[in-house]
Amino acid sequence: MLSIRSVKSDSFIGKCVELRGWVYRKVSLGGKIFIVLRDSSDIIQCVVDESKVNSRTWSNAEKITRESSCIVRGVVKSDPRAPGGYELQVSDLEIVGLSEWFPIRGNEGVDYLLDHRHLWIRSRRLQAIMKIKHTVLEAGREYFNRNGWWEVTPPILTSSACESGATQFEVNYFGQKAYLSQSAQLYLEALIYTLDKVWSLTPSFRAEKSRTRRHLAEYWHLEAEAAWYGMEDMMKVVEELVYYMVERVLRDRMDELKFLKRDTRILENAKPPYPKITYDEAIEILQSKGVNIKWGDDLGADEERVLTEEFETPFFITHFPKEIKAFYMKLDPKNPRVVLGFDLLAPEGYGEIVGGSVREDSYDALLKRIIEMGLNPEEYKWYLDLRRYGSVPHSGFGLGIERTVMWIAGLDHIRDAIPFPRFRERIYP
RNA sequence: GCCGCGGUAGCUCAGCGGGUAGAGCGCCGGGCUGUUAACCCGGUGGUCGGAGGUUCAAAUCCUCCCCGCGGCGCCA
């Protein structure tokens, strides 16, 4: 079976081909009907001329509606009047699935489109974004697999609150309370004791009714954890991984980036090494810009935006005050007020796409931190065990796939980085 | 959870100093041999988010509720 993209080439001019797809647009005028056919690869205009086809094909062309599926045969022609320069002179048109009136015509609002998401994903825009996401995922897998990391499959159903703060979705697990995972990290930490360097790609869930354009209740989380890795080692992995994704999208998805009108120069310039600033330096920059912030405050969305204006590539912020970060992050031996943690922020106001840290590997220090943060040590028994049986220095990070896609594709809302977004109360379709 | 904005035809919206509901697109019928969001003629279209209240009279004013959008917080 030929794809539309493959026949839009000079080598196909004059050849008779069969194409299968869906009606993207239809215009009829007198003795000619123009049908723009769509498949996963591209679109092509098909011209049905009443004087050149049999009556069955003509009546099918009259009858066919937008989004109907069909099989069309004809000769490929080059014609400057056709969008894209090529068109199909139809000799035969067969309707496979006649579409009812398609509810999306082109000027609908956000809410309506989200209610019709199962149909809206056919749009060329979402198609292009999904292809970019495919390439981001492919690049992520390839990066790890080529560099000696093992892919593992941590559980999604978990028994306890793993991280402090964020809310979890509760599920009924055979009468026991269970939760949907919001991070595979703790399980990945267990797995490094057998596989050294591990990574996983899983859905993560956050039961927060976030009202922002960069939060989802269900998102894809690319996480990695490695024994013996310190802060610098892991930051190097992060910047290599992110650039590997960017590079691969630039190589394989240029058409889609252009369709989305993405400024690709920003991506081309996003080469590592990425700048690193400490939290202290971030505070100084913000204060010099007149932002009202003091040491110890968390960096909010507004602060992140100001900082991202300072950089043209992704950049790291490191060494945050321990009070604003998770209990498992290792305190900096040189300054125990801060943790050996890092965030990677995308430029152009996109903000955090990666969060990572060196993990606390001392049993006593970890227990102390758990108690300090007001958590129940009972719930972290197995996690603490990891520090009792051959503890090892180690680090890890988590990358938000949709946030990364959002930045690479230049989207203004994270909901378009996932085909069926789950955010706020939306669960349909 | 907090702040702001919105909900009127299938869709996008106007109407909101109260007086029997409007446009464009769509849809239906007709026309057109090169359309690119086609165009031209005719037709079709409503529980004005819900409940209560004020009034002779409410889409319009008041109260409560529901839903959505944007921003903050939470974070990937």
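Sequence lines set the chain letters: A, B, ... in the order given, protein chains first and strands last, and positions in each chain run from 1.
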*Tell me the partner of B:C64, counting only Watson-Crick (N1-N3 plus N6-O4 or O6-N4) or G-U wobble (N1-O2 and O6-N3) with both under 3.5 Å; none if nothing fits.*
B:G50
*B:A76 pyrimidine/purine six-ring stacking with A:Y219, under 5.5 Å and 30°*: yes
*Would you mind pulling out the nucleotide paired to B:C27, Watson-Crick or G-U wobble, both distances under 3.5 Å?*
B:G43
*asked:* Is it the case that the side chains of A:Y328 and A:E189 hold a donor-acceptor pair, with the cut-off being a distance below 3.5 Å and no angle test?
replied: no
*asked:* Just to be sure I understand the rule, does A:S28 reach a base, reach only the sugar-phosphate, or reach nothing, if contact means heavy atoms closer than 4.0 Å?
replied: base
*Contact class for A:Q45 (heavy atom, under 4.0 Å): base, sugar-phosphate, or nothing?*
base
*Hey, which sits more toward the 5' end of RNA chain B by its nearest nucleotide, A:N107 or A:I414?*
A:N107
*Indicate the ring-plane relationship of A:Y274 and A:F316, choosing parallel, tilted or perpendicular according to the 30° and 60° boundaries.*
tilted
*asked:* Regarding A:S204, tell me which of base, sugar-phosphate or nothing describes its non-hydrogen contacts under 4.0 Å with the strands shown.
replied: nothing
*Take A:R403 and A:H215 through the test side-chain contact (heavy atoms from CB on, under 4.5 Å) and record every step on the way to the result.*
CA-CA 9 Å; A:R403 285 190 178 179; A:H215 289 266; 3.5 Å; yes
*When we call it a touch if two heavy atoms are under 4.0 Å apart, what does A:V36 touch: a base, just sugar-phosphate, or nothing?*
nothing
*Applying a 3.5 Å limit to both distances, which nucleotide forms a Watson-Crick or G-U wobble pair with B:A59?*
none
*Side-chain N or O of A:R211 closer than 4.0 Å to phosphate OP1/OP2 of B:C3*: no
_Is the phosphate of B:C69 approached by A:H413 (side-chain N or O, under 4.0 Å from OP1 or OP2)?_
no
*Can you tell me how far C1' of B:C27 sits from CZ of A:F102, to the nearest Å?*
16 Å
*Given that both distances must come in under 3.5 Å, which nucleotide forms a Watson-Crick or G-U wobble pair with B:U20?*
none
*With a 3.5 angstrom cut-off on both distances, give the Watson-Crick or G-U wobble partner of B:G34, or none if there isn't one.*
none
*Please work out if A:R105 contacts a base, only the sugar-phosphate, or nothing of the nucleic acid, heavy-atom cut-off 4.0 Å.*
sugar-phosphate
_Using 0.5 Å steps for rounding, measure from the CG atom of A:L216 to the CZ atom of A:F423._
7.5 Å
*Looking at every strand, decide which applies to A:L216 at a 4.0 Å heavy-atom threshold: base, sugar-phosphate, or nothing.*
base
*asked:* Within the 4.0 Å heavy-atom criterion, would you say A:E87 contacts the bases, only the backbone, or no part of the nucleic acid?
replied: base
*Please check if any side-chain donor atom of A:S41 sits under 3.5 Å from a side-chain acceptor atom of A:D39, or the reverse.*
yes
*Pairing partner of B:G70 (Watson-Crick or G-U wobble, both distances under 3.5 Å)*: B:C3
*Does OP1 or OP2 of B:G73 have a side-chain N or O of A:R214 closer than 4.0 Å?*
yes
*Can you find a side chain N or O atom of A:R305 that sits less than 4.0 Å from OP1 or OP2 on B:C72?*
yes
_For B:G70 and A:R415 - does any side-chain N or O of the residue sit under 4.0 Å from the phosphate oxygens OP1/OP2?_
yes
